[in-house]
Amino acid sequence: MRILVGCEYSGIVRRAFAAIGHDAWSCDFLPAEDGSNKHFIGDVRNYLDLNWDLLAVMHPPCTRLCNSGVRWLSAPPKGKTLPQIWRELDEAAELFSDLWNVDETHGISRVCIENPVMHKHAKARIKNYCDFSQSVQPWQFGHGECKRTCFWLKNLPLLTPTDVVDGREHRVHRMSPGPNRWKERSRFYPGIAQAMAAQWGCL
């Protein structure tokens, strides 16, 4: 299968699919963290016409879409104006909408988009919006941590847990502030990536 992993610079999901023989590529505005040459730098929407069998978008910008950030729509954080916040919401919703509807616009029938639970203003801006298909936890796939991950799926089965382990550490939530906090918070779990490759890569 030809697989495009959007909004990923780490290569975690790309490598999971590549490890079992798929032609997997990643795309992000940042260079590939692992130096891979199977990585596009730029807007993922510019690379949708390359005959992909599966689009997995792992870390689209979610700050303005998610429930936890809805408060900023009425009281913007320091350094931002209210029009800026709503413009950022429109841009994030447009990206999600463009990627969710690639079956109509680019003929990619299998789609997975990862995102937190959305607020009503985000849902109203997304074409053909529907609720997420499932949510998973790292501890269901070999990582003793809690971090709810929601998947919006098209023509893909729900992921089946592969390795339920003890431990419910909230490592990401308790992560110390710093310049790289956003990177570490968005880093995907290899156990979930391996399950995606094993369960979706055989379709």
Side-chain angles (χ1 to χ4, degrees), residues 1-14 16-17 22 24-30 39-40 42-50 52-70 88-138 140-141 147-160 172 182 185-197 199-201 203:
M1 292 173 65
R2 278 178 53 76
I3 295 159
L4 178 61
V5 184
C7 305
E8 177 184 72
Y9 71 90
S10 68
I12 290 172
V13 177
R14 167 174 41 78
F17 278 97
H22 297 290
W25 294 70
S26 53
C27 180
D28 196 83
F29 284 107
L30 295 175
H39 180 79
F40 301 112
D43 190 324
V44 64
R45 289 172 289 190
N46 293 333
Y47 302 95
L48 296 175
D49 286 322
L50 300 176
W52 306 107
D53 298 303
L54 189 156
L55 172 67
V57 186
M58 303 323 302
H59 318 291
C62 64
T63 305
R64 300 293 168 247
L65 301 179
C66 61
N67 262 339
S68 60
V70 71
E88 290 173 4
L89 167 61
D90 288 337
E91 291 170 353
E94 182 181 14
L95 174 62
F96 191 100
S97 185
D98 288 346
L99 298 175
W100 182 237
N101 291 286
V102 292
D103 55 333
E104 297 179 3
T105 58
H106 295 84
I108 305 173
S109 60
R110 299 180 184 94
V111 181
C112 166
I113 305 181
E114 178 271 335
N115 208 82
V117 176
M118 295 187 195
H119 54 69
K120 64 180 181 180
H121 306 289
K123 296 175 182 179
R125 285 164 167 74
I126 294 170
K127 179 184 176 184
N128 297 324
Y129 178 83
C130 61
D131 286 334
F132 60 86
S133 305
Q134 76 172 134
S135 66
V136 300
Q137 289 281 356
Q140 296 175 300
F141 300 89
K147 185 191 177 187
R148 188 186 187 192
T149 298
C150 298
F151 290 138
W152 279 256
L153 304 175
K154 277 187 179 178
N155 296 313
L156 292 170
L158 302 183
L159 275 188
T160 300
V172 173
W182 66 273
R185 282 179 60 86
S186 67
R187 191 173 296 278
F188 206 64
Y189 289 89
I192 302 178
Q194 290 161 11
M196 292 166 59
Q199 296 176 36
W200 296 343
L203 298 175

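All values below were derived from every heavy atom in this structure, side-chain atoms included, with hydrogens, water molecules and symmetry-related copies excluded. Counting begins at 1 with the first residue of the sequence.
- Taking every heavy atom of both residues into account, R2 and L50 meet most closely at NH2-O, 2.8 Å.
- In this structure a side-chain-to-backbone donor-acceptor pair under 3.5 Å is present from H39 to L30.
- Note on ring orientation: taking the six-membered ring where Trp is involved, the planes of F40 and W25 are parallel (angle under 30°, cut-offs 30° and 60°).
- Counting all heavy atoms, side chain and backbone alike, D43 lies closest to Y47 at O-CD1, 3.4 Å.
- Across all their heavy atoms, I12 and P190 have their closest contact at CG2-CA, 3.9 Å.
- Centroid-to-centroid, the aromatic rings of W200 and F17 stay 6.0 Å apart or farther.
- Inter-residue side-chain proximity for I3 and D53 is flagged as unmet; no heavy-atom pair is nearer than 4.5 Å.
- Of the inter-residue distances, the one linking M58 atom CE with F151 atom CZ reads 4.5 Å to the nearest 0.5 angstrom.
- For the pair K154 and W100, the cation sits on the ring face: its NZ or CZ lies under 6.0 Å from the ring centre, inside 45° of the axis.
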Identify all side-chain donor-acceptor contacts of residues 116-125 below 3.5 Å with residues at least two apart in sequence or on another chain.
unit_1	atom_1	unit_2	atom_2	d
H119	ND1	H121	N	3.3
H119	ND1	A122	N	3.2
H119	NE2	R64	O	2.7
H119	NE2	L65	O	3.4
R125	NE	D90	OD1	2.6
R125	NH1	H121	O	3.0

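- One N or O on the side chain of H22 and one on the backbone of M1 form a donor-acceptor pair closer than 3.5 Å.
- Inter-residue side-chain proximity for L48 and L99 is flagged as met; some heavy-atom pair is nearer than 4.5 Å.
- Taking each heavy atom of L153 and Q134 in turn, the nearest pair found is CD1-OE1, 4.1 Å.
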